[in-house]
Amino acid sequence: MQNAAVAEMFDSIADLLEIAGENPFQIRAYRRAAEAVATHATPIEDVPAAELRAISGLGPATSDKTREFLATGRVAFLEKLREEYPRGLLELMRVPGLGPKRVQQLYRERGISSVEALQESIANGELTGLAGFGGKTLAKIEDGIKRLGELSSNLPLIDALPLANLVARTLADVEGVERVEIAGEVRRGCESVESLDWVAQAGDAKAVIPAFLSLPFVQEVLETTESRARVRMRPGIEATLHIAPSGGWGSALFFATGSPAHVEEARNRNAELENYSDETELYAALQMPFLDPELREKTGEWDLKVRPNLVRISDIKGDLHAHSNWSDGSATIRQMVEAARARGYQYHAITDHSKALAMANGLNAQRLREQAKEIAEVQADFPDVKILRGIECDILRDGSLDLDDEILHELDWVVASVHSAFNLDEASQTARMIRAISHPAVDLIAHPTGRILGARAPYAVDVAALVEAASEFDTALEINASQRLDLKDEHARMARDANVLISIDTDAHSTRMLNNLEIGLLTARRAWCEPKDILNTKPREELLAWLKRPKSQK
DNA sequence: GCCGTTTTCGGCCCGACTGTTTTCAGTCG
């Protein structure tokens, strides 16, 4: 499956063209091509060359480049751009406060092509007097560099999980392999991972390791022994295949899953953990119930007397945060509802952006009322999926909402979230959000801390205060199942402990993105959530009843 | 660079904020 690699190629071209100051529409065309390939349902290498252009978003230039990349592994156009613009410029683009124009200016006028060089130049006062770079701007850039440094460079779960699954499926097909399972941080559902792990059992271990080493994602072999192979994989991440000894599957899986702190505690309780054929027996020997992988973080799991009934994918009855092409989604309402029904959902919320998000073609009251007609039409054709007429309403700087109460009260379901003024101080940001939480029409606060893993730090906000307010006003909080994973596990656990309902939603902007629910589910499980803690485990009628709850008023 | 159609070129996602260039360019979502 080369889709991700081709998409990455197009994104790189777009990034570099941006720095080159090329036509923004041309750049957008490359971004759309990346998106089209990334979300294409079949492996792009299986699409006949002549049919590439039929994919919406690919035209003559981009389908040629796709063919060139698939045939040779490289694209001359991109190589040429790379010669002209050093790699470090892309890193500079990630600094908050720096865009293509300033990066280009720094490179052209000062020869700066890395974050380190920029930092040094600012520190040495070499940029004073550079046109457009006043004191405040420089301070902002310095702050941006600091924030960039704080972002984790780990692979976000949303990327790690599909890769881990793909490798597991490939290994499972290798002749002689009896069993393969994902282990390590991915199995524990960590939000981002330093390394990938699998455990395999095979009649002939010697056949599995070469198959692993020859996977297309393997960049470099770091170590091979009788019982494991450690490599570096293409996104720059370490990956280990562990070979379980005959009769020792459970122990091998347990050790490869971790966490280190959890395993250490097990060792302290019983030094002999080597030869268990399944994990349940291993835990029984420790006089413990089976502990699900997501619990194994030494955050109280050893005190459990019975196995918690952690929420499962089959408990989820619908997605309560998803977009359509009325704002910035790519699919029609009908397509989204069809996809929701295909997932077996009982309900699906249409929550497009509100007008403040002009770039996303956000809806005002008039367009929301027009949208209602389309929802009604689709609803008539899908009686088994209740379509909730909703909105993702912007929370404005002062905590008021982007739409009037009148229209909000017409809707079945109101999601509120922050998309602007991320730099408020903690007290103001918290007060702003609590005002939204207390609003009588608001049902859910989406992505409460605003972070995007690996790309944007959370804004300053007192999550404990948000949880307290959510509890007081009977407002639900979201686990956003995307690259955001927001709330994160420990915040979701705070919410659960305060009996605040959590909704696990994908924030899907396409039908395929509805499939991301699983990573939010893993986060909820890491927060020890059971079905009763999750709003969208409620069957249809119960959810509709909950929506009629009287919200507390201060 | 892609798309759609008023079929081959014009339109494509817009508005607020910020700092500085004091009249607007750059960045962000």
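So that the names make sense, note that chain A is the first sequence line, chain B the second, and so on, each numbered from 1. Computed from a predicted model, the values in this text were never measured in an experiment.
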- For A:L368 and A:I391, what are the C-alpha separation, side-chain angles and deciding distance, and is it a side chain to side chain contact (heavy atoms under 4.5 Å, CB included)? CA-CA 8 Å; A:L368 265 166; A:I391 186 77; 3.9 Å; yes
- Message: Can you identify which nucleotide, out of B:dG26, B:dT18, B:dC3, has its nearest atom closest to the A:S56 side chain?
- Response: B:dC3
- Query: Does A:S420 put a side-chain nitrogen or oxygen below 4.0 Å from OP1 or OP2 of B:dA16?
  - Reply: no
- Message: Check for me whether A:K65 meets the cation-pi criterion with A:F77, that is, NZ or CZ under 6.0 Å from the six-membered ring centre and within 45 degrees of the ring axis.
- Response: yes
- Query: Does the cation-pi check pass for A:R456 over A:F422, that is, NZ or CZ under 6.0 Å from the six-membered ring centre and within 45° of its axis?
  - Reply: yes
- Message: Does A:A61 reach a base, just sugar-phosphate, or nothing at all? Heavy atoms under 4.0 Å.
- Response: sugar-phosphate
Please tabulate, for the side chains in residues 94-104 of chain A, all donor-acceptor contacts under 3.5 angstrom to protein atoms that are two or more places apart in sequence or on a different chain.
unit_1, atom_1, unit_2, atom_2, d
A:R94, NH2, A:G454, O, 2.6
A:R102, NH1, A:G97, O, 3.1
A:Q104, NE2, A:I19, O, 3.3

- Item | Integer angstrom distance from the C1' of B:dG4 to that of B:dC17 | 35 Å
- Whole-angstrom distance between B:dT8 and B:dC14, as gauged at atom P: 25 Å
- Are any of A:R456's side-chain N or O atoms less than 4.0 Å away from OP1 or OP2 of B:dG29? yes
- Separation of the C1' atoms in B:dT5 and B:dG11, to the nearest angstrom: 12 Å
- Give the B/S/- string for nucleotides 6-14 of chain B, one per nucleotide from 5' to 3', where a protein heavy atom under 4.0 Å of the base yields B, of only the sugar-phosphate yields S, and otherwise -. ------BBB
- Which of A:L522, A:D505, A:I504 passes side-chain contact (heavy atoms from CB on, under 4.5 Å) with A:L517? It is A:I504
- What nucleotide, of B:dG26, B:dG29, B:dG19, holds the atom closest to the side chain of A:L357? B:dG29
- What is the pairing partner of B:dA16, taking Watson-Crick or G-U wobble pairs with both distances under 3.5 Å in any strand? B:dT27
Sequence neighbours left out, cut at 3.5 Å: what donor-acceptor pairs do the side chains of residues 150-166 of chain A make with other protein atoms?
unit_1, atom_1, unit_2, atom_2, d
A:S152, OG, A:N154, N, 2.9
A:N165, ND2, A:L161, O, 3.3

- Between B:dC2, B:dG26, B:dT20, which nucleotide has the shortest distance from any of its atoms to the side chain of A:P60? B:dC2
- For B:dT20, take OP1 and OP2 only and decide whether either is under 4.0 Å from a side-chain N or O of A:T137. yes
- Query: Looking for any heavy atom pair under 4.0 Å, which part of the strands does A:I27 touch: base, sugar-phosphate only, or nothing?
  - Reply: nothing
